[in-house]
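Read the structure below first, then the notes.
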Amino acid sequence: MSDSNEDKSLENDTFEKENYMDSKKKEEVLDLFPGRVKEIAAGEGCKVLVCDNKVKLAVSALSDEILHFRFAPDGHLGDGFSYAAMPENFPDRGAPEMTEDEEFVHFSTNSLQVKISLQGLLLTISDSEGNVMSEDEKGFHWEGNRAFGGNIVQYSRRIQPREHFYGLGDKSCHPEIRGRRFELWGSDTYAYGSETDPLYKNIPFFIGIHHGQAYGIFFDNTHRSFFDFGKERKETSSFWAQGGLMDFYYIHGPTVRDVVRRFAQLTGVPELPPLWSLGFHQCKWSYKTEKEFTDLAQGFLDNRIPCDALYVDIDYMDGYRCFTWNLESFPKPGEMIRKLEAKGFKTVAIIDPGIKVDPGYFVYDEGVAGDHFCRQMDGDIYTGKVWPGDCHFPDFTKPSVRIWWSGLFEGLIAEDGIAGIWNDMNEPADFNEDKTFPRHIRHDYDGHPCSHRRAHNIYGTQMIRATREGIAKFNDGKRPFAITRSAYAGAWRYASAWTGDNISTWEHLRMANIQCQRLNLSGYSFVGSDIGGFLDKTNGELFTRWVQLGIFHPFCRVHSSGEHGSQEPWSFGEPYTSIMRKFIELRYRLLPYIYTSFYQHIQTGDPILRPLIYLDHEDTETFHRADEFTLGDNLVVCPITEAGSEGRWMYLTKGHYYNYWNDELVAGGEEIFCQAKLDQIPFFVRAGALLPLDPVRQYSWEKVEGPQEHHLYLPTEECGAVQSQIYADAGDHYDYQKGDFAQATYTVRRTAADQVEVQVTREGTHPLPPTRIHLHGTNGKPKSVTVDGVPVAAEQIVEAPADYRKIEIAL
Ligand code: GLC
């Protein structure tokens with residue numbers, strides 16, 4: 001089956017090398033519009049509004065808050081195939097009931113009211129009280145395009161008074177994006193800047209907030225697409241794509257949290273990763289020989305700096321041939337990897353999509369024989385250039401290719417003991433002028449043959465999907481860990497991601513913070529940046545400040561291009577080494593909390609990193625805040641992003657917080673100045689939280705005696721009941737799915753001005769570590785403490801059985 005709006009001719013690409021909308025301004029606008037609805041037909045789980053000029057609109061409600069709209073300019077709605085959306089996550093509720101009057105079709109859910117104009121299919125979406133959330137300007141329109149034989153499908157809506165916009169994945173500019181325009185076309189953007197666009201990832205999801213309510217739009221179209229938030233016309237926001245259907249979901253709030261959770265329900269969440277993948281990781285392009293690589297491990301041991309994973313970059317391969325080793329530099333890879341693992345270091349290896357054209361090289365031979373490589377319009381296998389020189393590229397959008405690819409990992413995973421795989425260059429990158437495949441390259445698109453126009457933005461996601469399957473196949477029942485550079489919505493189901501080739505500057509430290517928060521808000525939680533910066537030479541101070549931020553990111557890896565000397569935590573001497581050690585140790589102390597936050601992300605869709613706008617979108621002070629964020633429910637962090645700085649102004653959302661370093665209690669809702677000399681970062685714990693801290697380990701699975709500390713930050717009277725969770729399991733394998741986990745919920749409240757109570761509910765059978773409770777905010781010794789009704793010595797540190805249920809503290 002061929003997609004209705006697909007290109008049908010050999011194409012000329014010059015058209016889209018210009019900025020489409022700018023060129024459009026100069027020309028006569030050729031917009032075409034839907035006609036008048038002449039019929040409302042029943043579709044599968046949807047209603048189809050059919051216009052007198054053949055335009056069709058399929059409408060369905062996945063839930064009371066998620067509406068799905070698909071507009072087809074020429075009446076071909078296709079089969080609804082999507083790589084990202086998971087309608088199966090929602091109970092089937094049948095097609096919406098619609099009514100019609102002279103001007104409009106109406107339907108509603110328990111949360112939303114929708115009005116569609118009979119003339120032109122203009123939508124107005126309101127909440128159940130009639131407050132307009134989304135209102136079309138021109139609505140759906142399109143433009144036939146000769147250059148690639150399809151339609152540019154477009155959509156425009158009115159910007160509501162004082163509306164703000166957020167989202168769109170890895171963009172590096174300020175988080176609030178009103179007045180800007182963006183493009184999604186996965187690009188290899190080496191040394192990108194804060195205004196570079198597009199970048200590596202393609203996440204067509206944004207959030208609008210106005211009148212105290214939030215909603216999201218997920219534009220599920222993998223063609224090159226654009227989003228304008230009032231740049232072209234101040235009061236209009238629009239999105240469009242160079243092909244395909246106008247296929248989008250309206251996702252209602254009213255809170256940002258509701259929107260993000262619902263987007264997670266629609267596009268999925270990851271599985272629990274192996275615990276070691278949340279440890280500290282070290283990478284460089286490249287540790288080129290076995291000696292360099294094992295010396296690196298020794299460096300961590302000698303400096304007593306915890307670390308879980310070391311990475312081999314492209315130079316481990318034989319002439320950049322994927323799935324091979326350069327046996328001169330790494331003579332016995334399996335032996336080396338197993339020895340390192342015995343010392344606590346997992347090895348992660350890079351795999352790129354470009355397969356060297358080299359008859360006799362098994363991957364090349366198999367790829368040709370199995371017809372696994374992308375072909376050109378005229379049928380020849382496409383040859384592009386990447387690191388190995390001339391390469392062919394697997395068509396990862398073809399199921400049989402994914403199966404073949406996954407089988408290739410047997411050597412690396414089962415034989416050599418590689419623990420995780422890093423997919424790079426999967427935008428896909430190509431060293432030609434246009435930096436990617438020509439548009440006429442063909443793809444299977446899971447049985448929907450199409451050109452690269454449609455497959456480009458999904459290519460990386462399908463590659464990492466196949467890679468993940470490969471790791472899982474040969475991993476002995478352990479949880480796969482993979483990392484990707486390019487991604488479309490839903491890639492988070494398969495892998496973690498990093499933000500690509502950044503630079504060792506303070507500006508890039510600020511951008512790393514923004515990008516990771518924005519990705520989290522856009523569905524992608526398991527992300528991090530190249531800590532310290534990839535290009536150019538970092539320095540001790542910048543690197544230290546970046547590590548201080550990076551240990552709070554879900555994926556925590558140092559990486560550099562290797563062209564400017566070493567970038568290991570000890571490379572800059574004292575005082576930096578000691579400070580970095582302290583912070584990497586803190587990462588390991590926080591692992592039970594970070595792992596719990598990951599678990600909560602999977603359970604609820606709440607991102608692991610939460611920008612202030614996520615926490616309180618009714619507080620206008622949060623609208624333009626870029627630096628402060630929370631990690632999980634209870635920790636607030638704000639990086640130091642300027643050289644020589646020993647503190648900074650920052651904002652805490654309403655509530656009460658303890659400064660982690662000195663237990664000072666501060667009130668949110670206003671700016672505060674927070675001191676943070678080089679050995680500190682502004683770091684706060686929510687009042688009422690119970691924060692688990694593990695003993696320091698040198699790697700996440702090291703057996704270490706010693707209790708898990710439960711730091712109880714006493715709530716103020718205004719706090720009400722504050723809940724914290726701890727989730728634990730074996731940290732790998734899947735026994736947790738059979739009940740081998742432990743989950744505890746701690747409800748902490750002041751029952752009187754001088755009384756605090758902690759109630760614990762517990763689930764699961766996983767053995768718990770010994771526990772010791774540390775009290776914060778008691779202002780000296782408490783008068784009495786009881787654990788499960790039994791009085792214990794009234795101190796700030798009290799012993800408790802691992803499975804305690806209740807603590808009472810009299811102050
Ligand atoms: C790309 C990647 C970078 C990697 C390099 C060599 O630039 O983004 O992380 O080190 O290729 O493989």
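In each ligand, atom 1 is the first atom listed, and ligand 1 is the first ligand listed. Predicted model, so just to flag it, every value in this text is computed and none were measured.
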Compute the centroid of each ring, for [X] and then for [Y], and state whether the two points are separated by less than 6.0 Å.
{"X": "Tyr459", "Y": "Phe396", "answer": "yes"}
{"X": "Trp498", "Y": "Phe526", "answer": "no"}
{"X": "Phe182", "Y": "Phe227", "answer": "no"}

*Would a 4.5 Å heavy-atom cut-off, applied to side chains only, mark Lys171 and Asp197 as touching?*
yes
*So which residues, sorted by chain and number, lie with a heavy atom under 4.0 Å of ligand 1?*
Trp285, Asp313, Ile314, Ile350, Trp387, Trp422, Asp424, Arg485, Trp498, Asp501, Phe534, His559
Contacts table for residues 408-416: side-chain donor-acceptor under 3.5 angstrom, sequence neighbours left out:
from, atom 1, to, atom 2, distance (Å)
Asp416, OD2, Trp325, NE1, 2.9

*What orientation do Tyr311 and His281 show, parallel under 30°, tilted 30 to 60°, or perpendicular over 60°?*
tilted
